[in-house]
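Side chains included, hydrogens not; waters and symmetry mates left out as well; all remaining heavy atoms used.
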Amino acid sequence: MATGSSEEKFTKQAQAALSTVHIGKLVEAGAERMADGIHTEPNLGEGKTYKLNLVCVGKGSVQLTFIPTAAGTKAEVPCDQEVVQQRITVRKPIHIDVDGAKGSTGVIAWQIDAI
């Protein structure tokens, strides 16, 4: 498990990676320990399009899922500091989950931009 200084280092690396892809108006952003995952219901405008930027820094991978499933594409994201981008189409309220695969450690960071 990432703790202390390694967790801070991973968080800084993840936020730096996200800063390189920021476009549009920032709606929501954050960083979480992989053990906690991301479980968010962002307040997004119906009928609008957004871009989700997601990065994982550490070891292993994370699983990205949307409810309803039509809002975005389910994906496995490796913890390799590469930013994964997804277009989100909002037709009704959505829920986004990002959970670490078994044995994975590190930090997950995300931002949602209105485009």
Side-chain angles (χ1 to χ4, degrees):
M1 173 177 217
T3 57
S5 63
S6 65
E7 188 175 297
E8 289 176 31
K9 178 182 160 193
F10 289 161
T11 300
K12 287 179 182 175
Q13 289 173 339
Q15 290 171 334
L18 287 178
S19 70
T20 65
V21 296
H22 177 68
I23 59 164
K25 181 181 175 200
L26 178 65
V27 175
E28 180 176 298
E32 300 291 340
R33 293 179 312 165
M34 193 169 317
D36 297 334
I38 298 169
H39 309 284
T40 185
E41 293 180 5
N43 186 18
L44 305 177
E46 216 171 296
K48 296 192 176 183
T49 301
Y50 299 86
K51 177 141 321 209
L52 169 67
N53 299 304
L54 179 71
V55 64
C56 178
V57 179
K59 181 183 117 189
S61 63
V62 296
Q63 187 69 39
L64 167 66
T65 57
F66 295 88
I67 299 172
T69 55
T73 304
K74 182 177 181 177
E76 184 173 335
V77 178
C79 293
D80 60 2
Q81 298 185 43
E82 293 295 321
V83 177
V84 171
Q85 297 182 312
Q86 282 228 14
R87 184 175 291 263
I88 303 172
T89 304
V90 180
R91 292 186 175 77
K92 57 185 174 180
I94 68 168
H95 184 92
I96 301 170
D97 287 314
V98 183
D99 294 296
K102 186 176 181 178
S104 296
T105 60
V107 172
I108 311 160
W110 83 98
Q111 69 187 29
I112 299 173
D113 296 326
I115 53 173

Worksheet entry | Verdict with reasoning, Lys74 to Thr69, per side chain to side chain contact (heavy atoms under 4.5 Å, CB included) | CA-CA 8 Å; Lys74 182 177 181 177; Thr69 55; over 6 Å; no
Item to complete: For the pair Trp110 and Glu32, evaluate side chain to side chain contact (heavy atoms under 4.5 Å, CB included) and give the outcome as yes or no after the intermediate values.
Response: CA-CA 9 Å; Trp110 83 98; Glu32 300 291 340; 3.9 Å; yes
Discussion item. Test side chain to side chain contact (heavy atoms under 4.5 Å, CB included) on Leu64 and Leu52; report intermediate values, then the result.
Written reply: CA-CA 11 Å; Leu64 167 66; Leu52 169 67; 3.9 Å; yes
Discussion item. Set out, in order, the CA-CA distance, both residues' side-chain angles and the distance that settles side chain to side chain contact (heavy atoms under 4.5 Å, CB included) for Thr105 and Met34, then state yes or no.
Written reply: CA-CA 6 Å; Thr105 60; Met34 193 169 317; 5.6 Å; no
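Here CG of Leu18 is found 8.0 Å from CG of Leu54. Values are rounded to the nearest 0.5 Å. Distance check, rounded to the nearest 0.5 Å: CG of Asp97 to OG1 of Thr65 gives 4.5 Å. Remark: Ile115 CD1 to Ile88 CD1 distance equals 9.5 Å, nearest 0.5 Å. Separating the CD1 atom in Ile94 from the CD atom in Glu41 is a distance of 9.5 Å, to the nearest 0.5 Å. To the nearest 0.5 Å, the span separating CD1 on Ile96 from CD on Glu28 amounts to 7.0 Å. Atoms CD and CD, from Gln13 and Gln81 in turn, are 4.5 Å apart once rounded to the nearest 0.5 Å.
Nearest approach of Ile108 to Gly37, heavy atoms of both residues: CD1-CA, 4.1 Å. Across every non-hydrogen atom of Pro93 and Pro68, the tightest pair is O-CD, 3.6 Å. Looking at every heavy atom in both residues, Ala31 comes nearest to Gln15 through CB-NE2, 4.3 Å. Of all non-hydrogen atoms in Pro78 and Ser61, the two that sit nearest each other are CA-CB, 4.0 Å. Between Glu46 and Lys92, the shortest heavy-atom contact is CG-N, 4.0 Å.
Summarising the local packing, NZ of Lys51 is surrounded by more than 12 heavy atoms from other residues, nucleotides or ligands at distances under 6.0 Å.
One hydrophobic cluster, built from ILVMFWY side chains closer than 4.5 Å, cannot hold both Val107 and Val84; they sit in different ones. Cluster membership check: Val77 does not share its hydrophobic cluster with Phe10, using side-chain heavy-atom separations under 4.5 Å among Ile, Leu, Val, Met, Phe, Trp and Tyr. Residues Tyr50 and Val55 do not share a hydrophobic cluster, defined by chaining ILVMFWY side chains whose heavy atoms lie under 4.5 Å apart. At a threshold of 4.5 Å between side-chain heavy atoms, the hydrophobic network of Ile, Leu, Val, Met, Phe, Trp and Tyr places Phe66 and Val62 in one connected group. Linking Ile, Leu, Val, Met, Phe, Trp and Tyr residues whenever their side-chain heavy atoms come within less than 4.5 Å places Ile112 and Val90 in a single cluster.
Within the 3.5 Å criterion, the main-chain N or O of Leu26 finds no donor-acceptor partner in the side chain of Gln111.
By the 4.5 Å heavy-atom criterion applied to side chains, Val57 and Lys12 are not counted as neighbours.
In this view, Asp80 satisfies the salt bridge (charged side-chain N to carboxylate O under 4.0 Å, His left out) rule with no residue, not counting sequence neighbours.
Each of Leu44, Asn43, Asp113 was scored for a side chain to side chain contact (heavy atoms under 4.5 Å, CB included) with Val27, with one residue passing: Leu44.
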